[in-house]
Number of protein chains: 2
Amino acid sequence: MTNDLKESFSGSAGAPPAPAALAAKVRTLAPSMTRSMQRVAEAVAGDPAGCAALTVTGLAELTGTSEATVVRTARLLGYPGYRDLRLALAGLAAQQQSGRAPAVTADIAVDDPIADVVAKLAYDEQQTLADTAAALDTVQLGAAVSVLAAARRIDIYGVGASSLVGQDLAQKLLRIGLIAHAHTDPHLAVTNAVQLRSGDAAVAITHSGSTGDVIEPLRVAFDRGATTIAITGRPDGPISQYADHLLTTSTARESELRPAAMSSRTSQLLVVDCLFIGIAQRTYETAAPALSASYEALAHRHNPRTR
Amino acid sequence: MTNDLKESFSGSAGAPPAPAALAAKVRTLAPSMTRSMQRVAEAVAGDPAGCAALTVTGLAELTGTSEATVVRTARLLGYPGYRDLRLALAGLAAQQQSGRAPAVTADIAVDDPIADVVAKLAYDEQQTLADTAAALDTVQLGAAVSVLAAARRIDIYGVGASSLVGQDLAQKLLRIGLIAHAHTDPHLAVTNAVQLRSGDAAVAITHSGSTGDVIEPLRVAFDRGATTIAITGRPDGPISQYADHLLTTSTARESELRPAAMSSRTSQLLVVDCLFIGIAQRTYETAAPALSASYEALAHRHNPRTR
DNA sequence: GTCACTCTTGAAAGATATTTTCGCGCCGTC
DNA sequence: GACGGCGCGAAAATATCTTTCAAGAGTGAC
């Protein structure tokens, strides 16, 4: 039973087989993998071309594991089986070969000159954006957009760095005339979540997928019948059980100087922006005038004489 | 005998499996193919992606031939067997698809499918990052880093969308042991700015460079002798006259659906991240332990069972 | 410290896909 | 019209992939 649950879980989460977002997917799912599976995933992400040339047995031997483990890993990555993973791998290999070099930039070091820091950071964030976009499940995204566009009210939960993302989303939604509120106080969040019911929507933002202060209000909202959306980097985390719609953010490798919060924020913001644009499209009739109105309203706050 | 000859012939001629020149190879070898093989080759050249999804049996049925013929065709094209042809096909398909992608330079339209929205947004934000990184004055950045790293206390001003960026900066600086505060209330900001003096630092964040509510506290801080830093997209705006150091964010084109706030935020966050990393480098001795300490402190807030 | 439990793992059986073999039937030639 | 050669597909043989199952490792509770 537990096995069944887990399998269907991971399988449905990554419904469409990832085309080029494989490295990102490996990084995203690595924490939820067992040691042996991680070895396989690592090999696959590290040398797509080489692994594409191997059979299950070959890859199992290379990684010192068994065929069963290889197949399990393929499944976890969202493919029906090893055969399909292998095809995707071949595609990926062809892509990297034709495209520019993988360019694995070095970590940011303590003694990097400031110009290097700028370049590396910009590159890393670009990479994060590309990964997130590639790995984002557009079906789930579309569903989330529909839910939010039609919701009576929208509650948003996030703490720490994710709280800012939540506020960003709330600001945007308010600007196009939706009723949205970003909660940062966990207690108040729960208190408010109790008020939700069918027809309302709740959005939880947490990179770890296991932040109690965010899970709790989402659970309450879920139980009350509101439609729930989770934006998380760990689609297998505890929060997913209370999420009707799951939007996965991709995870970049982090270093000592560059905490995970930095790239997760970039990723989350992209998702939030996509939600916003999607909703603005659906509600264009009301969103467009609302946007220009809010623009107008701010005009007088800016000193007109820009020299 | 003759059969053997032909096989070894074509086999050795195309020794290295063709990478992307498959269509050409099909055309070249077509005359030497039998009718059935031509049908298979045609199908393969016409729809690589579709054929890559088929098994030998499937392709045989599709072309109205047999498995044996499909395998023979694969051999003729220079592959050891159908399996390898299929891998090459998958690679080819991926290549064509990625080649088609770069057509996302257009604006986001109201009727864009959600997948396009994601691609375009990601692309735009990547562009913004690249522009910002290229335009960022590293000398000014280095100076700002020095100021902040040495400041007794740091006040940060931002309203609207920029307020979130300011809070992000404050959160980060606090995590490495600096005394930073992000003000969102313009009145309180001014009230606090009055307290500043030489040795303190003030950071103002405004895209327009002319937001009165942000200019005012920065002016006060400037007059009181604090070192002032402005992060703005308009280096010629009124705010610059009160800024000791000016960090310019780049501005991407905006559209009706994509307000300026979106790309300016991306740009501002990159600058903030650069500041943070720069400061963390300078104060590594204290920053590193502080970072891991704050990491530790949060650990128990996460549900430990992530697997 | 030990026990019971769950989760991970690989060996081997089972299912599919691919390759090879083999012979039929079409086609041109004498 | 008969013979020889060749293309072709059915089916056997093989390789590859998938599933099952039980043993082992790790973990938490008492």
Side-chain angles (χ1 to χ4, degrees), chain A residues 1-11 17 29-41 43-44 51-90 236, chain B residues 1-11 17 29-41 43-44 51-90 303-307:
Chain A
M1 184 53 177
T2 56
N3 231 335
D4 278 4
L5 196 69
K6 191 204 286 179
E7 303 240 351
S8 72
F9 187 24
S10 60
L29 295 173
S32 68
M33 288 182 187
T34 66
R35 228 184 338 281
S36 311
M37 285 166 101
Q38 281 182 6
R39 275 214 302 286
V40 176
V44 157
C51 292
L54 296 170
T55 68
V56 230
T57 317
L59 185 52
E61 274 179 18
L62 179 73
T63 57
T65 63
S66 67
E67 289 99 326
T69 303
V70 172
V71 173
R72 273 192 281 262
T73 309
R75 290 264 164 76
L76 193 69
L77 290 174
Y79 302 93
Y82 175 70
R83 204 185 308 274
D84 300 80
L85 169 62
R86 200 173 163 187
L87 284 175
L89 241 40
D236 60 333
Chain B
M1 186 55 176
T2 54
N3 226 338
D4 279 3
L5 195 69
K6 190 202 285 180
E7 302 238 353
S8 72
F9 187 27
S10 62
L29 295 173
S32 67
M33 287 182 187
T34 66
R35 226 182 342 277
S36 311
M37 285 166 101
Q38 281 182 8
R39 275 216 302 287
V40 175
V44 158
C51 293
L54 296 170
T55 68
V56 230
T57 315
L59 186 52
E61 273 178 20
L62 179 74
T63 58
T65 63
S66 69
E67 289 101 324
T69 301
V70 172
V71 172
R72 274 192 280 263
T73 309
R75 291 264 164 77
L76 193 68
L77 290 174
Y79 301 93
Y82 174 70
R83 204 186 310 275
D84 301 79
L85 168 62
R86 198 175 166 187
L87 284 175
L89 242 40
N303 190 329
R305 31 180 34 267
T306 52
R307 202 174 35 238

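By convention in this document, chain letters (A, B, ...) are assigned in the order of the sequence lines, proteins followed by strands, and residues within each chain are numbered from 1.
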Leu85(A) CG to dT16(D) C1', straight-line distance once rounded to whole Å: 15 Å
Gap between atoms CZ and C1', on Arg39(B) and dG9(D) respectively (whole Å): 12 Å
4.5 Å side-chain heavy-atom contact, Thr73(A) and Thr65(A): no
N/O (side chain, Ser36(B)) to phosphate O (OP1/OP2, dC8(D)) under 4.0 Å: yes
Side chains of Arg75(A) and Met37(A) in contact at under 4.5 Å (non-hydrogen atoms): no
Nucleotide-resolved protein contact map, nucleotides 17-22 of chain D, B/S/- at heavy-atom distance under 4.0 Å: BBB---
Leu59(A) vs Glu67(A) side-chain heavy atoms within contact, under 4.5 Å: no
Residues forming a side-chain contact (heavy atoms from CB on, under 4.5 Å) with Ser66(A), sequence neighbours excluded: Ala68(A), Thr69(A)
dG9(D) phosphate, OP1 or OP2, under 4.0 Å from Thr69(B) side-chain N/O: yes
N or O in side chain of Thr34(A) less than 4.0 angstrom from dT9(C) OP1/OP2: yes
Sugar-phosphate, base or nothing in reach of Gly58(A), heavy atoms under 4.0 Å: nothing
Nearest non-hydrogen partners of Ala90(A) and Ala52(A), listed with the distance: N-CB, 3.8 Å
Separation of atom CG in Leu87(B) from atom P in dT16(D), rounded to whole Å: 12 Å
Atom-pair distance (CE on Met37(B); P on dG7(D)), nearest Å: 9 Å
Whole angstrom value for the distance that separates P of dC7(C) from CE of Met33(A): 18 Å
Test item: Met33(B) and Arg72(B) side chains (from C-beta on) under 4.5 Å apart, heavy atoms: no
Length of the CG-C1' vector between Leu59(B) and dA17(C), whole Å: 13 Å
